[in-house]
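Structure first, commentary second.
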Amino acid sequence: MKSYLTTLLTVAVLGGAGHVAAQKPQPTVLTNQQLKTLLSKGLTVRITGADRANTAARTGTAVYQKDGTVRFNEGATTTTHIGSWRIDGNKFCTKYTNLGSGCFNLQKTGEKTYKLLPLDGLLEGIWEVVK
């Protein structure tokens with residue numbers, strides 16, 4: 001009986017360890033140097049995604065200038081939001097006058113696409129590099 005319990009306990013522990021190993025791996029995000037390389041000459045992207053829970057998705061085009069300024073042209077009516085961007089460690093951070101600020105990790109998902117992984121309560125978004 002004692003050997004049966006020991007075997008049962010061993011299987012349960014190993015099964016739990018297998019579950020931990022099978023968990024979804026964390027996404028690989030761009031490093032500080034990769035972010036600098038990506039944004040060093042300026043970057044124009046199409047953005048889709050909501051910025052806060054229970055808000056409509058924002059779509060538009062953002063132009064990140066190499067001097068740290070950004071212009072986000074949003075939606076069909078082309079509302080323009082002006083702000084700034086910076087790299088802080090492995091984080092990409094933005095601050096808009098009328099939208100607020102937030103920081104993200106970027107995960108490369110395709111040849112010209114990136115996923116914005118929020119670090120401060122914002123929601124995920126997608127970048128598609130235009131130029």
Side-chain angles (χ1 to χ4, degrees):
M1 181 73 169
K2 185 176 180 182
S3 110
Y4 173 75
L5 289 174
T6 303
T7 302
L8 185 60
L9 183 60
T10 302
V11 169
V13 169
L14 292 177
H19 174 70
V20 170
Q23 287 180 348
K24 185 177 177 182
Q26 291 298 313
T28 302
V29 298
L30 271 60
T31 64
N32 180 279
Q33 188 57 51
Q34 290 169 321
L35 288 168
K36 287 178 180 177
T37 300
L38 179 65
L39 291 147
S40 66
K41 296 178 181 156
L43 185 68
T44 301
V45 298
R46 264 192 290 280
I47 299 176
T48 56
D51 61 352
R52 307 244 184 248
N54 302 318
T55 63
R58 291 194 183 283
T59 60
T61 303
V63 179
Y64 300 97
Q65 300 291 338
K66 59 184 173 182
D67 67 358
T69 60
V70 60
R71 179 180 297 270
F72 176 47
N73 298 314
E74 179 182 17
T77 60
T78 316
T79 302
T80 301
H81 305 285
I82 305 296
S84 61
W85 66 269
R86 65 185 170 84
I87 297 169
D88 179 12
N90 292 341
K91 300 181 292 187
F92 171 77
C93 301
T94 58
K95 183 177 183 181
Y96 291 94
T97 305
N98 57 342
L99 296 177
S101 61
C103 291
F104 302 85
N105 284 136
L106 265 67
Q107 177 186 23
K108 189 167 179 68
T109 57
E111 185 179 336
K112 293 186 175 189
T113 57
Y114 297 85
K115 182 185 274 189
L116 295 160
L117 303 169
L119 299 170
D120 48 12
L122 300 177
L123 300 178
E124 290 183 358
I126 301 293
W127 272 5
E128 181 184 349
V129 176
V130 177
K131 65 177 185 172

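Here CG of N32 is found 9.5 Å from OG1 of T37. Values are rounded to the nearest 0.5 Å. To the nearest 0.5 Å, atoms CG (L43) and CD (Q65) are separated by 10.0 Å. With values rounded to the nearest 0.5 angstrom, S84 atom OG is found 10.0 Å from D67 atom CG. Between R71 atom CZ and T61 atom OG1 the span is 12.5 Å, to the nearest 0.5 Å. From Q33, atom CD reaches atom CG of L38 across 11.5 Å, with rounding to the nearest 0.5 Å. In this structure, CG on L119 lies 4.5 Å from CG on N105, to the nearest 0.5 angstrom.
For the ring pair (Phe, Tyr, Trp, His ring centres under 6.0 Å) condition, the pairs that include at least one residue of residues 109-131, sequence neighbours left out, are Y64-W127, F92-W127.
Cluster membership check: L99 does not share its hydrophobic cluster with I126, using side-chain heavy-atom separations under 4.5 Å among Ile, Leu, Val, Met, Phe, Trp and Tyr. Hydrophobic clustering (side-chain heavy atoms under 4.5 Å, transitive across Ile, Leu, Val, Met, Phe, Trp, Tyr) groups L39 together with L116. One hydrophobic cluster, built from ILVMFWY side chains closer than 4.5 Å, cannot hold both L117 and L30; they sit in different ones. Note on V129 and V29: separate hydrophobic clusters, where clusters join Ile, Leu, Val, Met, Phe, Trp and Tyr whose side-chain heavy atoms are under 4.5 Å apart, directly or indirectly. Grouping the Ile, Leu, Val, Met, Phe, Trp and Tyr side chains by contacts below 4.5 angstrom, directly or via other members, places L106 with W85.
In terms of heavy-atom proximity, S40 sits nearest to K66 at O-CB, 3.4 Å. Nearest heavy-atom pair across P118 and E124 is CD-CG, 3.7 Å. The two atoms that bring C93 and D88 nearest to each other are SG-CB, 4.3 Å, heavy atoms only.
Ring geometry, Y96 versus H81: the interplanar angle exceeds 60°, so the pair is classed perpendicular (tilted spans 30 to 60°).
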